[in-house]
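Please read the structure below before turning to the comments.
Note that these values count all heavy atoms, side chains included, but never hydrogens, waters or copies made by symmetry.
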Amino acid sequence: MKVLRFFFLCIALLFSTYVHHDSTIVFAEQKQALFVKHLVKGNNVFVECIVDQFTFTKGTHPKKDGQGRIYIYVNGKRVGETTTAAFVIRGLPVGKHAIRLELVHNDASKYNISHEFTVTIS
C-alpha cells in the first residue's frame with residue numbers, strides 16, 4: 001500500500017508538467033498533497049510525512065506558498081505542531097485515538113490539506 005502511494009505520487013509529479021508545441025516546459029499549477037505513514041511502538045506513534053514541493057519552516061516568516069508546518073491533533077484536540085517531516089507523538093494512553101495532521105502556512109492559515117488516521121494503543 002505504501003509503495004503504491006509513492007508510485008502514484010511519482011506518477012502525479014510526472015504528469016503535473018507538460019510540453020507546449022514550441023517545446024517550452026510549463027509547470028501546471030500544483031497543489032500540495034500530504035502522504036503519511038505511521039508506526040505504533042508502545043504508547044508512541046512514529047510519523048513520517050511526504051509533502052511534495054514544501055519546505056518546513058521554524059520561527060516566524062511571512063506567508064509563502066509551499067512553506068509552513070503541520071499541526072497535530074489527537075482526538076480532535078490540537079496537541080502540537082511540527083516543522084519536520086518525521087516526528088513522534090509520545091505517551092498516548094491505552095485506547096483508540098484519531099490523529100489528524102493539518103498543513104498550515106507560516107502565518108497559521110490553512111492549506112485545507114490534512115490527513116487522518118486511527119491508532120490503537122494497547
Side-chain angles (χ1 to χ4, degrees):
M1 186 68 167
K2 295 171 189 167
V3 173
L4 281 176
R5 284 184 179 173
F6 183 74
F7 172 76
F8 286 117
L9 174 64
C10 292
I11 295 297
L13 288 173
L14 180 66
F15 286 103
S16 65
T17 59
Y18 63 92
V19 178
H20 276 288
H21 298 290
D22 61 358
S23 298
T24 302
I25 297 175
V26 176
F27 291 92
E29 183 177 330
Q30 294 185 352
K31 223 176 169 180
Q32 274 82 20
L34 177 60
F35 298 94
V36 177
K37 65 179 183 179
H38 70 276
L39 172 70
V40 176
K41 200 169 187 180
N43 60 351
N44 300 323
V45 181
F46 295 78
V47 181
E48 186 175 357
C49 302
I50 298 172
V51 188
D52 57 317
Q53 300 195 12
F54 188 82
T55 302
F56 289 94
T57 55
K58 292 181 180 177
T60 56
H61 299 278
K63 180 179 178 179
K64 184 176 180 184
D65 282 336
Q67 292 185 352
R69 57 198 73 204
I70 292 177
Y71 283 172
I72 305 165
Y73 296 86
V74 176
N75 299 327
K77 182 180 177 184
R78 187 174 150 202
V79 296
E81 65 182 54
T82 184
T83 56
T84 60
F87 57 92
V88 181
I89 303 170
R90 297 186 187 278
L92 291 177
V94 171
K96 196 172 184 178
H97 303 281
I99 296 175
R100 184 166 58 98
L101 307 175
E102 186 170 6
L103 204 62
V104 296
H105 289 95
N106 290 328
D107 66 352
S109 61
K110 298 177 180 179
Y111 278 95
N112 292 321
I113 298 171
S114 64
H115 181 84
E116 295 183 32
F117 58 95
T118 303
V119 297
T120 301
I121 305 295
S122 52

query: Taking the side chain as C-beta and beyond, is there a heavy-atom pair between Ile121 and Pro93 under 4.5 Å?
result: no

task: Using the side chain to side chain contact (heavy atoms under 4.5 Å, CB included) rule, take Ser114 and Tyr71 through it: C-alpha gap first, then chi angles, then the decisive distance, then the call.
output: CA-CA 9 Å; Ser114 64; Tyr71 283 172; over 6 Å; no

- request: Grab the two heavy atoms, one from Asp52 and one from Ala33, that are nearest each other, plus how far apart they are.
  value: OD1-N, 3.4 Å

query: Minimum heavy-atom separation for His97 to Asn75, with atom names?
result: ND1-ND2, 3.0 Å

- prompt: Out of curiosity, Phe56 CZ to Asn106 CG, how far, rounded to the nearest 0.5 Å?
  reply: 11.5 Å

task: Please check if the side chain of Tyr111 supplies one atom and the backbone of Gly66 the other of a donor-acceptor pair under 3.5 Å.
output: yes

message: Please verify the inter-ring angle class for His115 with Phe117; under 30° counts as parallel, over 60° as perpendicular, anything in between as tilted.
response: tilted

message: One pair to check against side chain to side chain contact (heavy atoms under 4.5 Å, CB included): Thr118 and Ile99. What are the steps and the verdict?
response: CA-CA 6 Å; Thr118 303; Ile99 296 175; over 6 Å; no

Residue that, paired with Ile89, satisfies side-chain contact (heavy atoms from CB on, under 4.5 Å) out of Val45, Val40, Asn44: Val45

- prompt: Can you tell me if Arg69 uses its side chain to pair, donor with acceptor, with the backbone of Gly59 under 3.5 Å?
  reply: yes

- prompt: Are Val47 and Ile72 close enough, and set up right, to give a side chain to side chain contact (heavy atoms under 4.5 Å, CB included), and what steps lead you there?
  reply: CA-CA 11 Å; Val47 181; Ile72 305 165; over 6 Å; no

Non-hydrogen atoms of Thr84 and Phe87 that approach each other most closely: O-CD2, 3.8 Å

- prompt: For Asn43, what residues pass the side chain to side chain donor-acceptor pair (under 3.5 Å) criterion, not counting sequence neighbours?
  reply: none

- line: Scanning both residues in full, the closest heavy-atom pair of Cys49 with Ile70 reads SG-CD1, 3.8 Å

